[in-house]
> 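Dropping the structure in here first, questions after.
Every number for a ligand or one of its atoms is a count from 1 in the order of the listing.
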Amino acid sequence: METITKLKPILRKFMDVRSRSEEICQPLEIEDYVLQPIVDVSPPKWHLGHTTWFFETFILVPNFPSYEVFDPQYNFVFNSYYETIGARVIRTDRGNLSRPSVSDVYRYRKYVDGKMAEFLNSHHMTHSIIPLIELGLNHEQQHQELLMTDIKYILGHNPLFPAYKKDRKKETKTSDEKRMLHFSEGIYEIGFEGPGFCFDNEMGKHKVYLNDFAISNHLVTNGEYLEFMEAGGYSDFRYWHADGWNWVKENSIKSPLYWHKIDGRWMHYTLGGLQEVDADEELCHISFYEASAYAAWKGMRLPTEQEWEAASSCFSWGKRWEWTNSAYLPYPGFKKEPGAVGEYNGKFMINQMVLRGASVATPPGHSRFTYRNFFQPELKWQFTGIRLAKQKM
Ligand code: AVJ
Ligand code: FE
């Protein structure tokens with residue numbers, strides 16, 4: 001057997017990413033692995049299986065002739081949305097599966113990891129396959145973030161508010177002095193330019209014209225958002241989009257997700273358990289509708305994704321995904337890859353908003369300033385926050 005130090009870099013990276021997903025699940029009890037409390041939350045067990053299925057389906061089956069699939073039925077359970085790959089369990093039913101069991105899924109991971117190691121050391125592993133492996137690894141990292149988000153939702157909607165990790169340390173607060181950063185109108189370059197990995201939705205690099213704008217160097221805090229709540233922000237239609245206003249009324253929305261008023265004090269569920277809301281901490285878990293309404297109440301707006309990208313080297317980011325005022329659309333010259341991986345991003349470029357940055361749940365090194373995350377405007381279970389912008393007068 002080779003020693004760890006002699007592993008190929010790609011195999012080392014593979015093992016690091018794969019083991020991280022399992023580490024995230026370490027604090028869970030078996031029962032936590034199976035729940036799907038809302039359609040957007042997938043059971044942790046499903047994330048572990050689906051990311052494994054991705055390597056099996058897109059790397060091993062097409063490229064490793066001796067490979068035998070672990071279980072031919074798994075394709076139906078762990079295919080997320082690839083029409084090219086065929087029929088699958090409907091998304092709302094992911095939480096109704098007691099089988100494959102958690103231990104089956106861990107055995108599946110071990111089997112595929114072993115075969116991937118064999119494959120990466122074999123002559124079947126060629127240079128042209130590297131981008132697909134990078135995609136598989138970045139895909140698993142995206143699911144690591146989703147795992148954290150979904151675990152928080154599962155535990156945070158249990159009436160006992162169990163902590164994910166009791167000794168979880170509190171987030172550090174930003175100490176930068178708050179101010180608006182001013183940018184002059186002109187041509188800016190947007191999009192990814194190598195080297196390294198990026199998703200297809202970040203390509204290709206292109207020019208945009210931006211008018212003068214100002215963007216905040218900090219994120220909105222809980223205390224600032226509380227002022228909006230106490231000023232009646234949730235009951236004044238003037239700040240809301242029509243869709244947002246309907247959503248507030250239909251769902252009786254009154255606060256960010258995980259907030260509870262207990263004995264007259266605002267508490268919120270955190271991965272360390274229920275805690276008092278800290279006024280100085282960056283606000284988290286709000287929808288695009290809320291972000292947008294808050295900005296309107298302030299007499300400002302959200303930045304566009306192009307403004308955000310152009311300004312991003314001048315502020316710190318990475319603790320909250322930041323809602324932008326940009327619809328998730330293809331960049332000029334966007335091309336879908338042929339085959340199933342062409343379904344990865346492109347077909348979702350409708351009815352979603354772009355988020356920029358990264359969050360406390362993002363694996364280190366996974367994001368970059370050109371990264372485009374995207375969700376529907378009413379979703380608030382991701383670690384989302386608000387950065388304000390305005391036109392320079
Ligand atoms: C980029 C986070 C919106 O959640 O579907 C996972 C990530 N893509 N598997 C999503 C993703 C394929 C994607 N988001
Ligand atoms: Fe996926």
> So which bit of Phe375 gets within less than 4.0 Å of ligand 1, heavy atoms only: side chain, backbone, both or neither?
side chain
> Evaluate His50 for polar contact with ligand 1, using N/O atom pairs at a separation under 3.5 Å.
no
> Looking at Tyr82, is Arg88 sitting on its ring face, NZ or CZ under 6.0 Å from the six-membered ring centre and within 45 degrees of the normal?
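Judged by the rule, Arg88 and Tyr82 form no cation-pi pair.
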> Would you call Asp16 and Lys13 a salt bridge, taking side-chain N to carboxylate O under 4.0 Å as the test?
no
> How far is atom 7 (C) of ligand 1 from its nearest protein heavy atom, and which residue and atom name does that atom have?
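The protein heavy atom lying closest is Gln142 OE1, 3.3 Å.
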> For atom 5 (O) of ligand 1, is the nearest protein heavy atom closer than 4.0 Å?
no
> Taking 4.0 Å as the limit for heavy-atom contacts, which would you say applies to Asn345 with ligand 1: side chain only, backbone only, both, or neither?
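Looking at Asn345 and ligand 1, no heavy atom falls under 4.0 Å.
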> With a distance cut-off below 6.0 Å to the six-membered ring centre and an angular limit of 45° from the axis, does Arg372 pair with Tyr331 as a cation-pi contact?
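Relative to the ring axis of Tyr331, which defines the angle, Arg372 lies inside both limits.
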> Check this for me: does any side-chain nitrogen of one of Arg238 and Asp236 sit under 4.0 Å from a carboxylate oxygen of the other?
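Asp236 and Arg238: salt-bridged.
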> Quick one: look at Phe199 and ligand 1, take heavy-atom pairs under 4.0 Å, and tell me if it's side chain, backbone, both or neither.
neither
> Hey, are the side chains of Trp321 and Ser367 touching, using non-hydrogen atoms and a 4.5 Å cut-off?
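Yes, close enough: below the 4.5 Å cut-off.
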> Under a 3.5 Å threshold, yes or no: a donor from one side chain and an acceptor from the other, between Thr221 and Glu281?
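No - no donor-acceptor pair under 3.5 Å links their side chains.
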> In terms of atom number and element, which parts of ligand 1 are under 4.0 angstrom from non-hydrogen atoms of His139?
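Answer, ordered by atom number: 6 (C), 9 (N), 12 (C).
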> Any N or O on His143 sitting closer than 3.5 Å to an N or O of ligand 1?
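There is such a contact, yes.
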> Using non-hydrogen atoms of the residue, decide whether Tyr344 is closer than 4.0 angstrom to ligand 1.
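Judged by the 4.0 Å heavy-atom criterion, Tyr344 does count as contacting ligand 1.
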> What residue and atom, counting heavy atoms only, is the protein's closest point to atom 12 (C) of ligand 1, and at what distance?
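Sorting protein heavy atoms by distance from atom 12 (C) of ligand 1 puts Tyr81 OH, 3.0 Å first.
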> Any non-hydrogen side-chain atom of Lys152 less than 4.5 Å from a side-chain atom of Tyr258?
yes
> Among protein heavy atoms, which sits nearest to atom 10 (C) of ligand 1, and what does the distance come to when rounded to 0.1 Å?
Leu146 CD1, 4.3 Å
> Considering only non-hydrogen protein atoms, determine which one is nearest to atom 2 (C) of ligand 1 and report residue, atom name and distance to 0.1 Å.
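Its nearest protein heavy-atom neighbour is Asn373 OD1, 3.3 Å.
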> Quick one: nearest non-hydrogen protein atom to atom 13 (C) of ligand 1, plus distance?
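So the nearest neighbour among protein heavy atoms is Phe374 CZ, 4.4 Å.
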> In this structure, which one of Lys390, Arg301, Arg356 forms a salt bridge (Lys or Arg N to Asp or Glu O under 4.0 Å) with Glu307?
Arg301
> One thing to verify: whether Arg387 and Glu282 come together as a salt bridge, which I'm taking to mean a side-chain N less than 4.0 angstrom from a carboxylate O.
no
